[in-house]
Amino acid sequence: MRYSTAYIPTLKESPADAEVASHKLLLRAGMARRLTSGIYTYLPLGLRAIRNVETIIREEMEKAGFDELLMPMVQPADLWKESGRWVFYGKELLRFKDRNDRDYCLGPTHEEVITDLVRGEVRSYRQLPVRLYQIQSKFRDEVRPRFGLMRGREFVMKDGYSFDADDAGADESYKRMYEAYTAIFRRLGLRFRAVEADTGSIGGKFSHEFMVLADTGEDTICACTQCDYAANVERAEVLWKGEPCTDVCPAMICVDTPGAHTVDDVAAMLKVAPSRVIKTMIFVADGKPVAVLVRGDREVNDIKLKNLLKAQEVELAGPETVRAVTHAPVGFAGPAGLEIPVYADQELQGATDYVAGANKGDAHVMHLDLRRDAAVTAYADLRCITPDDACPRCGGRIELPKGIEVGHIFKLGLKYSEAMHAVFLDENGKERYMIMGCYGIGVSRVVAAAIEQNNDEHGIIFPLPLAPVQCILLCLDPGKEDVAARAEELYAHLQAAGLSVLLDDREERPGVKFKDADLLGAPMQLIVGGKGLARGVVECKDRRTGEKGELPLEGFADAFAAWADGVRRGWENSRG
Ligand code: ATP
Ligand code: MG
C-alpha cells in the first residue's frame with residue numbers, strides 16, 4: 001500500500017461527539033466514517049483490521065468443526081412470529097414491508113433462519129450434530145448507539161449455531177466454542193476474561209461472555225481475587241448470611257420532606273444513614289407494575305428481578321405509572337399501603353425502623369417496620385453485588401473491573417426447536433427436539449475493544465495479529481532519487497518477506513509522517529532518510545515501546561528479521 005495513493009483520510013482533531021479512545025482514534029486514523037447514527041463505513045485500513053479478526057475466527061471455527069455459510073440479511077416476519085420474537089424482540093428489530101405488504105426485518109441475529117434451514121433438512125440422528133457459522137453485517141436498532149464501532153446499529157458479527165441429538169453432544173458443541181473463543185481472543189492478543197453470564201428465561205449455567213478488560217467497558221465483571229469465579233454482575237449472586245431482624249420500633253409517622261426525592265436528599269434531611277432508608281423502585285414487568293425494595297445504599301438488579309418473575313421484559317416505570325401506582329410524583333414511593341406486588345431484597349427481612357417514601361408528594365415515613373407496616377410478596381436476592389460483598393463461591397474478596405463484551409456463547413436448549421418444531425428421529429424412531437446452542441462474536445467491536453486496550457497519546461498501538469499494516473516505511477525524502485530508490489527497494493523486500501507494508505511516499509514534512517505513523521499504529525516503523533543512508537543505515541522504531549534502533553543496509557534482511565522477531569517477542573511477553 002502506498003500512502004500517496006491510498007485512501008487514509010487522517011484528522012488532526014478528534015470529532016466532538018467521540019467520547020472513548022477507540023472511537024476517536026478510528027476516526028482520526030481514517031479507518032472508519034460515520035454515515036448516520038450507529039452506521040459506519042469501514043475505510044481500507046479499518047476493513048483490513050476487521051478482515052484480520054475474521055481470518056483468525058475462521059481458522060479457529062474450522063478447527064472446532066464448524067462450517068461457514070452465509071444466510072440472508074433480510075428475514076420474513078413469519079419465522080419471527082413462529083419463535084415468538086416478532087413481539088418480544090421489541091424496537092431493536094428493524095421492521096419493514098415489501099411491495100406486496102408482507103412484513104420483514106433486518107437480521108439482528110439468525111436463530112430463526114438457521115432453525116428453519118436445519119428443520120427442513122435434517123430427519124435422522126445420523127445427520128447430527130450440525131455445526132455452522134457465518135460472518136455478516138447485523139442490524140439492531142439500538143436505543144443508544146454510541147462509542148463508534150463499539151455499539152453500532154449496523155455491525156459485523158460472527159454467529160455460530162449448533163444442533164445436537166442429546167445433551168452430551170450439546171455440551172460438547174458448547175465446550176468446543178468455549179475453547180475456540182479462548183484461542184481466538186488469545187491469538188488476537190487481548191487481555192480478556194470469560195465470565196458466567198445471565199441465561200435469562202432459559203436458565204442453567206451454560207452461558208459465558210468473553211470480556212475484554214477496559215475501563216471504558218459498559219459491563220461490570222465480578223471477579224474473585226482468591227478463586228477462579230468470574231461472572232457478569234448482572235448474574236453475580238449475593239450471599240446473605242444475616243438473620244432476619246426481630247427488633248421492634250415505635251409507630252410509623254409521616255414527615256414532610258419537601259423536594260427530597262433521592263435517597264441522599266432524604267437521608268441528609270432526616271439525619272439518618274442512606275442504609276437506613278428503603279429505596280422503593282416501581283418497575284413494569286410484562287405490562288404489570290411491581291415494586292422492588294432495596295436498602296438506600298444498594299442498587300436494584302433488574303435482571304435478577306426479571307428472572308425471579310420469569311418475565312420477558314422488565315423496565316423502570318415511567319412517571320405516569322409511578323403516579324398511578326403511588327399517587328405521588330417520582331421520588332416518594334414507599335412500601336406502606338402499596339396495592340401492587342412488592343418484592344424486597346433478602347437483606348431487608350425483618351427490616352425495622354426504616355425511612356421510606358410515604359406515597360405522597362414531599363413526604364416520607366419514619367419508623368417503618370416492613371413486617372408490621374407493609375405487605376411484602378416475597379424476599380429474594382434482588383440487588384447488585386458490591387465490592388464489600390463476598391465471592392459467592394468461596395467467600396473471598398471480589399473485584400469489580402469493567403469489561404467490553406466481545407463474545408457470548410449460549411446453550412439454548414430447546415427454546416427454538418420447540419417453538420419452531422425442529423425435530424429428528426432418534427435410534428428408536430422416536431421424534432425428539434434438537435438441542436441448540438448459539439455463539440456470537442462482535443467482529444467490528446473486537447477492533448474497537450483492541451484499540452481501547454492498546455493506545456497512547458500519539459495514537460493506536462495495534463496488537464500485531466490485528467494490525468492493518470504491520471510495518472510503515474517512511475521515506476523522508478521522496479524528492480531525492482537515491483532515497484526514493486532505497487525506499488522502493490526495501491518496500492519490495494519487506495513485501496516479498498510476507499509483511500503487510502505501508503510505504504509513506506507522500507511529499508510531506510518528516511514531522512507529519514512521524515505523527516501519522518504513530519497515529520495509524522503499525523507495530524513496526526522503518527525510517528529511510530538521506531542522513532542515515534549516508535551512514536549505510538535505516539532507523540527502526542518499535543511503536544509499542546517507542547524504542548529506536550538502526551539497521552544496516554548491508555545484510556539488511558537478517559538484521560530486519562532479527563529486529564522484527566524481537567518486536568514480536570516483546571509484544572507477546574507484554575500479553576503475559
Ligand atoms: P450487548 O449486551 O453489548 O448489547 P448482546 O448481549 O446484545 O450485547 P449478543 O446478542 O450476544 O449481544 O451478540 C453477540 C455479540 O455481538 C456480542 O457479544 C457483541 O460482541 C456483539 N454486539 C452486540 N451488539 C452490538 C452492537 N450494537 N455493536 C457492535 N457489536 C455488538
Ligand atoms: Mg444488545
Side-chain angles (χ1 to χ4, degrees), residues 20 22-23 26 32 34 36-40 42 46 49-50 53-54 57 61 83 85 88-94 106-112 114 133-161 174 177-178 180-181 184-185 188 190 192-202 206-214 216-221 231-235 302-303 306 313 402-412 415-416 436-453:
V20 297
S22 61
H23 188 188
L26 279 161
R34 179 176 172 271
T36 181
S37 170
I39 303 183
Y40 288 82
Y42 310 119
I50 287 178
V53 177
E54 292 179 358
I57 291 176
M61 291 304 285
S83 72
R85 289 207 289 185
F88 283 118
Y89 210 94
K91 290 191 175 163
E92 263 186 39
L93 192 63
L94 184 67
L106 273 190
T109 172
H110 278 66
E111 283 81 9
E112 280 81 0
I114 197 131
Y133 78 98
Q134 64 173 347
I135 298 178
Q136 185 201 39
S137 286
K138 295 284 185 274
F139 195 94
R140 294 184 180 180
D141 204 354
E142 298 273 353
V143 207
R144 275 192 80 196
R146 59 182 187 153
F147 301 158
L149 302 194
M150 201 80 88
R151 184 171 295 285
R153 294 198 295 163
E154 184 174 318
F155 58 97
V156 182
M157 200 207 283
K158 186 289 297 189
D159 45 326
Y161 305 89
Y174 188 89
M177 281 301 95
Y178 187 96
Y181 277 40
I184 290 165
F185 296 120
L188 286 168
L190 300 170
F192 70 97
R193 193 141 187 189
V195 309
E196 288 177 18
D198 178 54
T199 48
S201 55
I202 296 161
F206 282 95
S207 178
H208 284 89
E209 286 164 343
F210 287 75
M211 296 279 189
V212 162
L213 303 171
T216 44
E218 290 183 286
D219 282 282
T220 307
I221 300 164
N232 192 317
V233 286
E234 288 177 347
R235 175 192 170 92
D302 55 351
I303 307 268
K306 186 172 162 203
E313 220 171 10
K402 295 280 179 195
I404 301 167
E405 180 195 323
V406 286
H408 193 173
I409 58 175
F410 208 104
K411 185 173 167 190
L412 290 167
K415 181 173 165 136
Y416 295 92
M436 288 175 61
C438 70
Y439 318 96
I441 293 183
V443 178
S444 42
R445 185 183 282 184
V446 165
V447 174
I451 295 174
E452 214 53 55
Q453 233 180 33

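Every value quoted in this text rests on a predicted model; they were computed, and no experiment measured them. For ligands, and for the atoms within them, numbers begin at 1 and follow the listed sequence. Every heavy atom of this structure was used, including side-chain atoms; hydrogens, water molecules and symmetry mates were not.
- Between F185 and F192, the ring planes are tilted. Angles from 30° to 60° get that label.
- Residues that satisfy the side-chain hydrogen bond (donor to acceptor under 3.5 Å, both in side chains) test with R34, not counting sequence neighbours, are absent from this structure.
- Among the atoms of E142, some N or O lies under 3.5 angstrom from an N or O of ligand 1.
- Contact annotation for E209 and ligand 1: no heavy atom of the residue comes within less than 4.0 Å of the ligand.
- Using a 4.5 Å heavy-atom threshold, the side chains of M157 and Q134 count as separate.
- Taking only nitrogen or oxygen atoms, main chain and side chain alike, F155 does not reach within less than 3.5 Å of ligand 1.
- Atoms NE2 and CD1, from H408 and I441 in turn, are 12.5 Å apart once rounded to the nearest 0.5 Å.
- The ligand atoms of ligand 1 that sit less than 4.0 angstrom from a heavy atom of G442 are 15 (C), 16 (O), 20 (O), 21 (C).
- Looking at R146 and E218, a side-chain N of the basic residue comes within less than 4.0 Å of a carboxylate O on the acidic one, giving a salt bridge.
- With sequence neighbours excluded, no residue forms a side-chain hydrogen bond (donor to acceptor under 3.5 Å, both in side chains) with E313.
- Atoms of ligand 1 found under 4.0 Å from any heavy atom of R140 (numbered from 1 in listed order, with element): 5 (P), 7 (O), 9 (P), 10 (O), 12 (O), 13 (O), 23 (C), 24 (N).
- Counting heavy atoms closer than 4.0 Å to ligand 1, residue R151 contributes atoms from both its backbone and its side chain.
- Ligand 1 has no nitrogen or oxygen under 3.5 angstrom from a nitrogen or oxygen of R153.
- The N/O atoms of V406, backbone and side chain alike, include one that comes under 3.5 Å of an N/O atom in ligand 1.
- Between Y42 and F155, the distance from one ring center to the other does not fall under 6.0 angstrom.
- Geometrically, ligand 1 and E405 share a nitrogen or oxygen pair separated by less than 3.5 Å.
- Formation of a donor-acceptor pair under 3.5 Å by the R153 side chain with backbone atoms of S37 is found in this model.
- Side-chain atoms of Y178 do not come within 3.5 Å of backbone N or O of A194 as any donor-acceptor pair.
- At a heavy-atom distance under 4.0 Å, no atom of D159 approaches ligand 1.
- The closest approach between a heavy atom of G152 and any atom of ligand 1 is below 4.0 Å.
- Annotation for ligand 1: atoms under 4.0 Å from non-hydrogen atoms of L149 are 29 (C).
- Considering backbone and side-chain atoms alike, M157 places every N or O at 3.5 Å or more from each N or O of ligand 1.
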